[in-house]
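Below is one structure, written out as structure tokens; comments come after it.
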2 protein chains.
Amino acid sequence: MKGKKEIVDLSSSLSEIWRVLSENERESIRKDARFVNYRKNEMIYFEDEYPKDLMCLLKGKVKIFKSGIGGRSQIIRMIRPIQYFGYRAYFANEPYVTAASAFESSTVCLISMEIIEDILRKNGDLAMFFIQQLSIDLGIADQRVVNLTQKHIRGRLAESLLFLKESYGLEEDGATLNIYLAREDLANLSNMTTSNAIRTLSGFVDERVIAMDGRKIKIIDEDKLRKISRMG
Amino acid sequence: MKGKKEIVDLSSSLSEIWRVLSENERESIRKDARFVNYRKNEMIYFEDEYPKDLMCLLKGKVKIFKSGIGGRSQIIRMIRPIQYFGYRAYFANEPYVTAASAFESSTVCLISMEIIEDILRKNGDLAMFFIQQLSIDLGIADQRVVNLTQKHIRGRLAESLLFLKESYGLEEDGATLNIYLAREDLANLSNMTTSNAIRTLSGFVDERVIAMDGRKIKIIDEDKLRKISRMG
DNA sequence: TTAGAATCATGTTGTTGAACACAAAAATAC
DNA sequence: GTATTTTTGTGTTCAACAACATGATTCTAA
């Protein structure tokens, strides 16, 4: 019935929740699932909109951000493939308090939250999946409050670089971050101005902690980076 | 079987979860529920401990905090009676990343998390209760990241005062905050040093936004306080 | 019981350093 | 070749910190 372009294999794409579902449950999700492509920098949802769908990133990179005081934006989290997002606001019964945009060309699978809620009310394993995700994210958010408020500028930037490494990994050379961020995005991730991101990055290059080539960032001395992240 | 001192009525004390439970489920909770009193400033749990129990504050006030860089502590949230806490770490399968202490003499009801997990895997309503709580808290944490990092010192303090009003209400005079915090705690809540909390509070008194008498804080001009909180 | 000691919370001030705004140049992308 | 991004420099603001003063409370030993 739905478009024929869905070559995507749901069972492997949504693996984490697929595992815990019955055949019936899978069927109702199959019927509803939609796939949407977003171009680089395209908005996926906006602050204050009402959430309707669970989203699972299949391909690409997505940033979740908030516009703060004077429109200054703060990146809250970054999403990588096979991560779910967009469900918090629905569960809290609120409009989105964040916005999401495709950081690079991305594919997202959408599933109606109402269907998900129906299923999880009967399926304890699925309920536990969301409880666990939310609990992990809440722990990260609590840690982030302390990191962003108490660490100094170098520590915050070092931490962001390590976070990007954990999230998206490295390229074949085993050193270059597998994501190319504008200085401005790096700044929004680390709670600093673009100027300071640039200055501090240059500092790291001088100290031979990283190397840069345009937006490519190579981690030279990860131990030292960790030390900076802990101390400053 | 259990101590006779439990005059506490579980059905009204745990009302929010009690409503959604079957008689069987209630019985297994009744059998396990324990009541513990904590004196002012006594620790309830410590960072890095393993979580075992769901906690429900029945009486008193509790603060959840993290020790950050150089032992500087950051208050993450404040708990008021009939709020649940202590479950996040269990669900995330982690040791506590925060600590909790009684802010004043408090009574807590403890229920084994294993029992709770067993029940919620079969009871979709209970599962939704925790999903909703976690979702709300995660939204607050995201907002908090922006508030604490982007607002200026006056805005952060103003926000904390309004938060305390929302959380614990006012005394009979309709103006005095129904919680007496040390300047240090106020500072830890607002991400500033004790000196700055004192300085900024004095400023608010000069501007006739609040009045102070020791630890008592009277909100004189709530509109102005809101304006300060919004503007930064 | 009370004078004094010790401790802690509160309040004040000056200094220092960090981070920001602004501006303007250089490099790069489209 | 125009626009955007990146880079560097300068002056200013702001908040952390240290050092210190004061007052309240608790403890203790005569």
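Each chain gets a letter, A, B and so on, in the order its sequence line appears, and its residues count up from 1.
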**Request:** Apply side-chain contact (heavy atoms from CB on, under 4.5 Å) to the pair B:Y87 and B:I111, showing each step before the final yes or no.
**Result:** CA-CA 10 Å; B:Y87 53 86; B:I111 301 162; over 6 Å; no

**Request:** Just do the side-chain contact (heavy atoms from CB on, under 4.5 Å) check on B:L54 and B:C56 with the steps written out, would you?
**Result:** CA-CA 7 Å; B:L54 173 65; B:C56 181; 5.9 Å; no

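Using a 4.0 Å heavy-atom cutoff across all strands shown, B:R72 reaches no nucleic acid atom at all. Within 4.0 Å (heavy atoms only), B:R199 reaches at least one base atom of the nucleic acid. Across all strands shown, B:T194 has no heavy atoms under 4.0 Å from either base or sugar-phosphate atoms.
A sub-4.0 Å separation between OP1 or OP2 of D:dA16 and a side-chain N or O of B:N196 is present. Put simply, A:R215 has no side-chain N or O that comes within less than 4.0 Å of OP1 or OP2 on D:dT5. Considering only side-chain N and O atoms, A:T193 lies under 4.0 angstrom from the phosphate OP1 or OP2 of C:dC20. For the pair A:S202 and D:dT7, the criterion of a side-chain N or O lying under 4.0 Å from OP1 or OP2 is not met.
Counting to the nearest Å, the P atom of D:dC14 and the CG atom of B:N191 are 17 Å from each other. The separation between A:M212 atom CE and C:dT28 atom P is 12 Å, rounded to whole Å. Atom CZ of A:R154 is separated from atom P of C:dA19 by 11 Å (rounded to the nearest Å). One atom, NZ of A:K151, and another, P of C:dA19, lie 14 Å apart when rounded to the nearest Å. Summarising the geometry, the separation between CD1 on A:I69 and C1' on C:dC20 is reported as 15 Å, rounded to the nearest angstrom. Between A:L201 atom CG and D:dT7 atom P the separation is 8 Å, expressed in whole Å. Spacing between atom NZ of A:K40 and atom C1' of C:dC30 amounts to 13 Å, rounded to whole angstrom units. In this entry the distance linking CE of A:M192 with C1' of D:dC14 reads 18 Å, nearest Å.
Exactly one residue among A:K61, A:K59, A:R215 makes a salt bridge (charged side-chain N to carboxylate O under 4.0 Å, His left out) with A:E104. That residue is A:K61.
Ranking D:dT6, C:dA19, D:dA15 by closeness to the B:H152 side chain, first place goes to D:dA15.
Side-chain atoms of B:Y180 and B:K216, non-hydrogen and from C-beta on, do get closer than 4.5 Å to each other.
Judged by distance alone, the side chains of B:R199 and B:N196 do bring a donor and an acceptor atom under 3.5 Å apart.
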